[in-house]
Peer 1: 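Quick one: the structure is below, and I'll ask about it shortly.
Atom set for the values below is all heavy atoms of this structure, side chains included, hydrogens, waters and symmetry mates excluded. Just so you know, these numbers come straight off a predicted model, no measurement behind them.
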Amino acid sequence: MNIYPYEKKYAVQIAALLNDFLPFEPETANTVDQAGGIRYVSINEHNEVVGYIAGYEIQNFNKEFPYFHEELQSLKEQVTTGISYYTSHFVVHPNERKKGIGTNLVRAYLEAAQPIAKTIVTVGWVQSDTNRWAAERQFTTQGFEPFVYMPRYFEPYNVDCPSCKGLCYCDAHIFVK
């Protein structure tokens, strides 16, 4: 397994990975390439993208977290007191899990983000079909701590979800470091 900083040549494969396994807005090579921030990919021996992590500095809390203002007020207070990063994407292909890829992606991301950020926020997608956040262990072993559990967090975003088989109503577990 090889972890590399993002390069444009991986954008098509990253978009496909995100579209297949994350319940957010559809991605294209263009949206991936324009995302910016701190980004790493995991490439297998066949030069295929099997993992991806991305995060960026929170410039406008209300834009990044447009819903649940009252419930997230204490998070807003924490992240607006210094430079904070939001871990926007984290995915490892299901066939490649349990091989250390996720751990190494999170480590690479943190090595780049921690010297810059006072706080790093990760929103864990708690899948409706499993009732768990598959990546939780990756982040807790790297020092992230639970901040708040948000029932039906993704419902207002009106996104399709592979877990819900339609409109997403999954919960979220928000962690900070």
Peer 1: Between T31 and E27, does any side-chain donor sit less than 3.5 Å from a side-chain acceptor?
Peer 2: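 Their side chains do contain a donor-acceptor pair, which is all the 3.5 Å distance test asks for.
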
Peer 1: Kindly write out the residues that satisfy salt bridge (Lys or Arg N to Asp or Glu O under 4.0 Å) with K98, not counting sequence neighbours, or none if the list is empty.
Peer 2: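 Result, salt bridge (Lys or Arg N to Asp or Glu O under 4.0 Å) vs K98: none returned.
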
Peer 1: Show me the donor-acceptor pairs within less than 3.5 Å that the side chains of residues 70-77 make with the rest of the protein, sequence neighbours left out.
Peer 2:
from, atom 1, to, atom 2, distance (Å)
Q73, NE2, E77, OE2, 3.3

Peer 1: Specify the closest pair of heavy atoms between A15 and A29, including all atoms of both residues, with the distance to one decimal.
Peer 2: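 What the structure gives for the nearest pair is CB-N, 3.9 Å.
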
Peer 1: In a check of side-chain contact (heavy atoms from CB on, under 4.5 Å) between K177 and each of T87, T122, L110, which one passes?
Peer 2: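 Running side-chain contact (heavy atoms from CB on, under 4.5 Å) over T87, T122, L110 with K177 returns exactly one hit, L110.
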
Peer 1: So if you build clusters from Ile, Leu, Val, Met, Phe, Trp, Tyr with side-chain heavy-atom gaps below 4.5 Å, do V126 and L167 land together?
Peer 2: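 Cluster IDs for V126 and L167 differ.
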
Peer 1: Could you tell me whether the side chains of Y56 and E64 share a donor-acceptor contact shorter than 3.5 Å?
Peer 2: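 Checked: Y56/E64 side chains pair up, N/O donor to acceptor below 3.5 Å.
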
Peer 1: Return the CD to CZ distance between Q114 and R107, rounded to the nearest 0.5 Å.
Peer 2: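 The distance works out to 12.0 Å.
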
Peer 1: Test your reading of the model: is there a side-chain donor-acceptor pair from N44 to the backbone of E48, 3.5 Å cut-off?
Peer 2: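 Pair found, side chain donor or acceptor close to backbone of E48.
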
Peer 1: Within the structure provided, determine whether H173 and F147 are in side-chain contact (heavy-atom separation under 4.5 Å).
Peer 2: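 In short, these two side chains do not touch, never coming nearer than 4.5 Å.
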
Peer 1: Look only at the side chain of H93 and the backbone of N95, and say whether a donor-acceptor pair between them is shorter than 3.5 Å.
Peer 2: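 Checked: pair present.
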
Peer 1: Run the side chain to side chain contact (heavy atoms under 4.5 Å, CB included) test on I116 and Y85 for me, step by step, so that the C-alpha distance in whole Å, both residues' side-chain angles and the decisive distance to 0.1 Å come before the verdict.
Peer 2: CA-CA 9 Å; I116 303 166; Y85 264 70; 3.8 Å; yes

Peer 1: When clusters are formed by joining ILVMFWY residues with side-chain heavy atoms under 4.5 Å apart, either directly or through shared neighbours, do F68 and Y169 land in the same one?
Peer 2: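 No, because F68 and Y169 fall into different hydrophobic clusters, even though each may have its own neighbours under 4.5 Å.
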
Peer 1: If you compare all heavy atoms of V176 against all heavy atoms of Q78, which two are closest, and at what distance to 0.1 Å?
Peer 2: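 Scanning both residues completely, I find the closest heavy atoms to be CG2-NE2, 4.0 Å.
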
Peer 1: Taking the side chain from E96 and the backbone from V50, do they hold a donor-acceptor pair closer than 3.5 Å?
Peer 2: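 Not a single qualifying donor-acceptor pair exists.
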
Peer 1: Mind checking whether V79 and V121 have side chains closer than 4.5 Å, heavy atoms only?
Peer 2: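 Counting from C-beta outward, V79 and V121 do come under 4.5 Å.
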
Peer 1: Looking at P26, is its backbone amide N or carbonyl O close enough to the side chain of N19 to form a donor-acceptor pair, meaning the two atoms are under 3.5 Å apart?
Peer 2: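 Side chain of N19 to backbone of P26: no pair is present.
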
Peer 1: Can you tell me if T81 and K118 form a side-chain donor-acceptor pair at under 3.5 Å?
Peer 2: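 On atom types as modelled, these side chains qualify, holding a pair under 3.5 Å.
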
Peer 1: Atom OH in Y10, atom OH in Y52: separation rounded to 0.5 Å?
Peer 2: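 Answer rounded to 0.5 Å: 13.0 Å.
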
Peer 1: Looking at CD of E155 and CG of D171, how far apart are the two atoms once the value is rounded to the nearest 0.5 Å?
Peer 2: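 Reported to 0.5 Å precision, the distance equals 10.0 Å.
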
Peer 1: Nearest 0.5 Å, what's the CD-CD1 distance between E111 and I3?
Peer 2: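 Rounded to the nearest 0.5 Å, the CD-CD1 separation comes out at 11.0 Å.
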
Peer 1: Is a side-chain N or O of R39 found less than 3.5 angstrom from the main chain of G55, in a donor-acceptor match?
Peer 2: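 Side chain of R39 to backbone of G55, a donor-acceptor pair under 3.5 Å: no, none is there.
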
Peer 1: Can you list the residues that meet the ring-ring contact (aromatic ring centres under 6.0 Å, His included) rule with Y157, with sequence neighbours excluded?
Peer 2: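 Per chain and number, Y157 pairs via ring-ring contact (aromatic ring centres under 6.0 Å, His included) with Y67, Y153.
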
Peer 1: If you measure from CZ on F90 to OH on Y40, what distance do you get to the nearest 0.5 Å?
Peer 2: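 Rounded to the nearest 0.5 Å, the CZ-OH separation comes out at 14.0 Å.
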
Peer 1: Can a donor-acceptor pair be found between the side chains of N131 and Q127 at a distance below 3.5 Å?
Peer 2: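 No.
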
Peer 1: What I'd like to find out is whether the side chain of H89 reaches to under 4.5 Å of the side chain of I53, using heavy atoms alone.
Peer 2: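 Answer no - side chains too far apart.
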
Peer 1: Kindly indicate, with the supporting measurements, whether the criterion side chain to side chain contact (heavy atoms under 4.5 Å, CB included) is fulfilled by W125 and V123.
Peer 2: CA-CA 6 Å; W125 171 49; V123 177; over 6 Å; no

Peer 1: Would a 4.5 Å heavy-atom cut-off, applied to side chains only, mark I14 and V12 as touching?
Peer 2: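 They are not in side-chain contact.
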
Peer 1: Looking at CD1 of I120 and CD1 of I83, how far apart are the two atoms once the value is rounded to the nearest 0.5 Å?
Peer 2: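 The distance works out to 11.5 Å.
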
Peer 1: Applying side chain to side chain contact (heavy atoms under 4.5 Å, CB included) to N30 and Q34, what does each step give before you reach the verdict?
Peer 2: CA-CA 6 Å; N30 195 39; Q34 293 178 357; 3.1 Å; yes

Peer 1: Let me know which of W133, Y86, F144 forms a ring pair (Phe, Tyr, Trp, His ring centres under 6.0 Å) with F175.
Peer 2: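 The single option meeting the ring pair (Phe, Tyr, Trp, His ring centres under 6.0 Å) with F175 is W133.
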
